[in-house]
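This report concerns only the one structure given below.
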Amino acid sequence: MLPPTERVPARPRILLADDEAIIAMQLEELVEAEGYAVAGVAANASQAVDMATALKPDLVIMDIVMPGIMDGIDACAIIQRDLNIPVVLLSAHGEEHYLRRARAALPSAYLLKPCQNTQIRAAIEVALAMRAHTDPSAGFRLREAHHRIKNSFSLLHGLLRMQETQVNDPKAKEALADAGARVLALSRAHEAMSGKGDVNAVDAGTYVERLATGLFEAQAQSGADARCSLELAVERLDLDHAKFVPCGIFLAEAMTNALKYAFPDGRTGVIRVGLRQENGAAVLEVADNGMGLPGDHKELGRNSFGLQCLQAAALQLGGELLVSSAPGLGSVFSVRFPRN
């Protein structure tokens with residue numbers, strides 16, 4: 001038996017996932033020839049997730065297009081988020097659709113087939129080196145950074161509210177209120193991300209509920225002159241950190257629009273905010289029973305900064321802005337987007 005100082009270090013274990021047997025065999029030969037150990041070979045993305053969970057490899061090399069209910073990009077997001085295992089994606093597809101989804105999943109590398117053995121070797125080395133040097137306190141430091149950012153936005157929100165009370169010009173007062181709503185959305189987003197627990201996924205239900213309540217209290221009339229009420233239908237739903245800021249911007253813009261325009265001339269009504277899961281996707285919705293939009297929302301969006309912000313937030317979420325409105329019957333702004 002070798003003394004402790006002379007023991008050979010364990011070879012990094014790599015899980016392979018490709019539905020084409022010949023390619024999987026070639027990858028297996030390459031990996032072993034480079035001195036790594038093959039932890040297993042998966043034939044589809046779902047199997048790759050299961051095997052990664054059970055085997056805990058050091059790295060996963062995965063094809064994108066495989067049979068089954070999920071593809072390699074979906075599996076990459078799950079493996080890296082839940083298991084903290086780096087993934088190198090292999091694909092014959094370089095189209096923008098795949099690249100946009102891959103950017104959201106953040107693989108360690110994205111290689112286009114056919115690729116040289118030297119490219120795969122380099123991707124493996126870089127991915128393993130990055131994992132070896134991952135700071136174990138990174139989660140704590142990230143939460144601390146979110147906390148500090150939240151405090152800065154909270155201070156800015158307070159200053160905007162103070163300035164709003166000191167100006168007399170109605171347009172300036174309205175602009176300051178709109179800016180305050182957007183800053184409050186950012187503050188609450190970072191507040192949610194600074195909490196304890198998973199540094200990658202956070203309960204968006206609590207965040208949406210607190211933000212909607214804060215926006216309503218900050219902008220709606222109160223006391224005897226209250227014109228509208230707020231109703232919440234929010235489910236507990238874990239979302240990636242990257243979704244929180246665009247969710248907040250979407251909510252702030254939609255609620256600001258309803259509070260400013262849906263109930264003119266003392267009209268009373270209800271603003272409803274909902275967050276739910278539908279077939280694995282998330283749906284964020286703001287509805288009111290007010291006056292409705294004065295025309296086609298697509299035409300209005302050309303000159304409305306608020307509607308442009310809604311469209312941009314929906315796009316950043318990976319979804320599409322849906323608007324439903326009828327004169328005198330209110331409006332519904334919603335976005336359906338992937339959770340990861």
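Throughout, residue positions are numbered sequentially from 1 according to the sequence presented.
Residues L211 and F333 are members of one and the same hydrophobic cluster, defined by side-chain heavy-atom contacts under 4.5 angstrom among Ile, Leu, Val, Met, Phe, Trp and Tyr. In the hydrophobic clustering of ILVMFWY residues, with side-chain heavy atoms under 4.5 Å counting as a link, L27 and I79 come out apart. Residues I78 and L237 do not share a hydrophobic cluster, clusters being chains of Ile/Leu/Val/Met/Phe/Trp/Tyr side chains in contact below 4.5 Å. Taken together through direct or relayed side-chain contacts under 4.5 Å among Ile, Leu, Val, Met, Phe, Trp and Tyr, L128 and V31 form part of one hydrophobic cluster. When the side chains of ILVMFWY residues are joined at heavy-atom separations under 4.5 Å, either directly or via intervening members, I14 and V41 end up in a single hydrophobic cluster.
From M66, atom CE reaches atom CD1 of I73 across 10.5 Å, with rounding to the nearest 0.5 Å. If you take CE on M62 and CG on N44, they are separated by 10.5 Å, rounding to the nearest 0.5 Å. In this structure, CD1 in I124 is found 9.5 Å from CG in N117, a value given to the nearest 0.5 Å. For the atom pair CG of D63 and OG of S91, the computed distance is 6.5 Å after rounding to the nearest 0.5 Å. To the nearest 0.5 Å, the span separating CD on E28 from CG on D18 amounts to 12.0 Å. To the nearest 0.5 Å, atom CD of residue Q277 and atom CZ of residue R336 are 9.5 Å apart.
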Verdict with supporting geometry, R103 and E96, salt bridge (Lys or Arg N to Asp or Glu O under 4.0 Å): CA-CA 10 Å; R103 284 197 294 269; E96 178 60 27; 2.9 Å; yes
- prompt: Checking side chain to side chain contact (heavy atoms under 4.5 Å, CB included) for the pair V126/S108: CA distance, chi angles, key distance, verdict?
  reply: CA-CA 8 Å; V126 170; S108 293; over 6 Å; no
message: Using the rule given for side chain to side chain contact (heavy atoms under 4.5 Å, CB included), can you reason through V335 versus L321, listing the C-alpha separation, both sets of side-chain angles and the distance that settles it, and then say yes or no?
response: CA-CA 5 Å; V335 57; L321 171 64; 5.7 Å; no
- request: With side chain to side chain contact (heavy atoms under 4.5 Å, CB included) as the test, would you mind laying out the steps for R276 and E285 before giving the verdict?
  value: CA-CA 9 Å; R276 62 184 183 275; E285 183 176 274; 3.8 Å; yes
field: Worked check of side chain to side chain contact (heavy atoms under 4.5 Å, CB included) between F337 and L239
entry: CA-CA 11 Å; F337 58 93; L239 294 180; 4.1 Å; yes
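Considering only heavy atoms from C-beta on, V323 stays 4.5 Å or farther from S331 through its side chain. Counting heavy atoms from C-beta on, the side chains of M255 and F216 come closer than 4.5 Å.
In plain terms, the two heavy atoms of L15 and A48 that are nearest each other are CD2-O, 3.6 Å. Contact between C228 and L259 at its shortest, heavy atoms only, is SG-CD2, 3.9 Å. Residues A39 and P57 come closest through the heavy atom pair CB-CB, 4.1 Å. In terms of heavy-atom proximity, P86 sits nearest to L59 at O-CD1, 3.3 Å. Taking every heavy atom of both residues into account, A212 and L230 meet most closely at O-CD2, 3.8 Å. Across all non-hydrogen atoms, the minimal contact from M51 to A42 is SD-CB, 3.7 Å.
In this structure, the side chain of N289 does not engage the main chain of G269 through any donor-acceptor pair within 3.5 Å. No donor-acceptor distance shorter than 3.5 angstrom exists from the side chain of T213 to the backbone of R210, with no hydrogens or angles considered. Remark: side-chain polar atoms of Y207 are paired, donor with acceptor, to backbone N or O of F244 under 3.5 angstrom. A donor-acceptor pair is defined here as one N or O able to donate and one able to accept, closer than 3.5 Å; such a pair exists between the side chain of Q80 and the backbone of A105. Side chain of D71 to main chain of D74: a donor-acceptor pair is present (N/O by atom type, distance under 3.5 Å, no hydrogens or angles). Judged purely by atom type and a 3.5 angstrom limit, D58 uses its side chain to pair as donor or acceptor with the backbone of R13.
Within a 6.0 Å sphere centred on CD of Q116, heavy atoms belonging to other residues, nucleotides or ligands number 12 at most. The local environment of CD in Q119 is crowded, with over 12 non-hydrogen atoms from other residues, nucleotides or ligands closer than 6.0 Å.
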